[in-house]
Amino acid sequence: MQIVDAHEDIAWNVLALGRDVLRGVWETRRLEEGSDTTRHHGQCMVGLPEWLAGGVAVVVGTIFVAPAHSVSGPHLHTYYATAEEAHRLANAQMQTYRRLAERSERIELVEDQASLEDVLRSWEGEAPRVGIVLAMEGADPVRQPAEVEEWYRQGLRVVGLAWAAGSRYAGGDRRPGPLTAEGRELLRAMAAVGVVADLSHISEEAFWEVVERYDGPLVATHANPRAIVDGPRHLSDAMLHALAEREGVVGIVPYNRFLRPGWVRGDSREEVTLGHVAAAVDHVCQLVGDAAHVGLGSDFDGGFGAESSPTGIETVADLGKIAQVLAERGYAAEDIVAVMGGNWLRVLRTALPPD
Ligand SMILES: [Zn+2]
């Protein structure tokens, strides 16, 4: 079974936190013991050895930048005040992914169907490779809408118009608002190149406008059902239906705060189990009537660490345990394969250029 994780802020961890993702998680934790990084961002969960051990064949890696007004604390040098700064930071992240692929034979940037199949086939042999698909979380680094074409040429395949704090293009979950005129223009430019639109974090108002205006593929790489934890960060049943109708997929985030109402950082991990993850997956399946529109989008090391993940998930290598709880819940083998990665692979096979 091949696992696809639709959301990891890999380059941000490398550049902002100095984490070498080629290193194992336990080594990173040892190096970070007692550090500010662990205190603010949690215990590291992602590393190449863990992807390989856990059968994580494909990861959607973000180019994540956030406006400086939206954050506080350390690492402020990694945030932007202007589109130009956002562009520079995002470019550095793009280069970081290229360097990772150069440094390790076990990492391949997936830009087309041919390289995706190549990566998947590598798992039949002795030296499996992890494929990384590049996604932009918050589109401010695209200085003008037409520039999305250049980003696409460089390998970007998924674009989220806004992160939580919103962008020049759209409102976000913490800063509601519609699509702007530039946002509508960006959608037209995205449609022209055939990029996947990521609706995670976008404000509800802008969500519906994208659904109406965008003909290209729609997904939510990392969001959970509002029916489980309410709030603008998550998706209502109507939004989940809309995604499914468009053959989209939503990536469930195994983050305790998103799985159990009222859970806050510092609460016991024991209160949240793999069963909560299965319940979030199951909500989507029951709602839309099949297991074809939900997957995983861990967001591990994206603002939370192991202490905020369900009991039993210590690193990204444990994602496979979700398959076991789905089986215990009575899911058929082919549905489990779909949820663990097959659904994301369907989206990628449709959306990526042939070669
Ligand atoms: Zn996010």
Side-chain angles (χ1 to χ4, degrees), residues 4-17 19 21 40-42 44-46 59-73 75 78-80 86 89-90 93 97 132-142 156-167 169-176 195-204 206-207 210 218-226 228-229 231-235 239 243 248-259 265 277 280 294-305 308-309 316 319 344:
V4 178
D5 186 353
H7 198 91
E8 291 181 16
D9 298 321
I10 300 163
W12 188 82
N13 273 270
V14 173
L15 291 178
L17 307 187
R19 284 174 168 168
V21 76
H40 289 283
H41 302 280
C44 179
M45 302 184 76
V46 174
V59 175
V60 177
T62 68
I63 292 176
F64 165 69
V65 297
H69 67 74
S70 68
V71 289
S72 59
H75 315 299
T78 58
Y79 300 102
Y80 66 88
L89 291 167
Q93 293 196 10
Y97 284 109
I132 299 181
V133 179
L134 297 182
M136 191 177 274
E137 181 168 25
D140 273 337
V142 180
L156 186 70
R157 293 294 178 264
V158 182
V159 173
L161 272 72
W163 178 65
S167 70
Y169 297 112
D173 59 90
R174 276 193 238 139
R175 213 183 219 215
V195 82
V196 178
D198 184 357
L199 294 168
S200 321
H201 286 295
I202 204 165
S203 71
E204 179 156 5
F207 176 104
V210 174
L218 296 179
V219 300
T221 59
H222 61 311
N224 287 12
R226 276 187 201 170
I228 292 176
V229 172
R233 173 66 183 85
H234 300 299
L235 301 179
M239 292 158 106
L243 271 180
V249 175
V250 55
I252 297 299
V253 188
Y255 175 27
N256 292 352
R257 222 160 60 75
F258 290 3
L259 292 171
R265 196 173 167 183
V277 183
V294 62
L296 303 175
S298 80
D299 209 4
F300 290 156
D301 294 347
F304 70 96
S308 301
S309 306
V316 73
L319 280 178
W344 285 124

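Note that the numbering runs from 1 along the sequence shown for the chain. Indexing begins at 1, ligand by ligand and atom by atom, following the structure's order. Basis for what follows: all heavy atoms, side chains included, without hydrogens, waters or symmetry-related copies.
- Residue-level check: among N/O/S atoms of Glu137, OE2 sits closest to the Zn ion (ligand 1).
- Among heteroatoms of the N, O or S kind in His222, NE2 lies nearest the Zn ion (ligand 1).
- Remark: Leu17 CG to His41 NE2 distance equals 4.5 Å, nearest 0.5 Å.
- Residues Asp299 and Tyr255 bring no donor and acceptor atom of their side chains to less than 3.5 Å of each other.
- Figure legend: Arg19 and Trp12 shown without cation-pi pairing, the cationic atom not lying both under 6.0 angstrom from the six-membered ring centre and within 45 degrees of its axis.
- The atom name of the N/O/S atom in His201 closest to the Zn ion (ligand 1) is NE2.
- Closest approach of Ala6 to Val60, counting heavy atoms only: O-CB, 3.1 Å.
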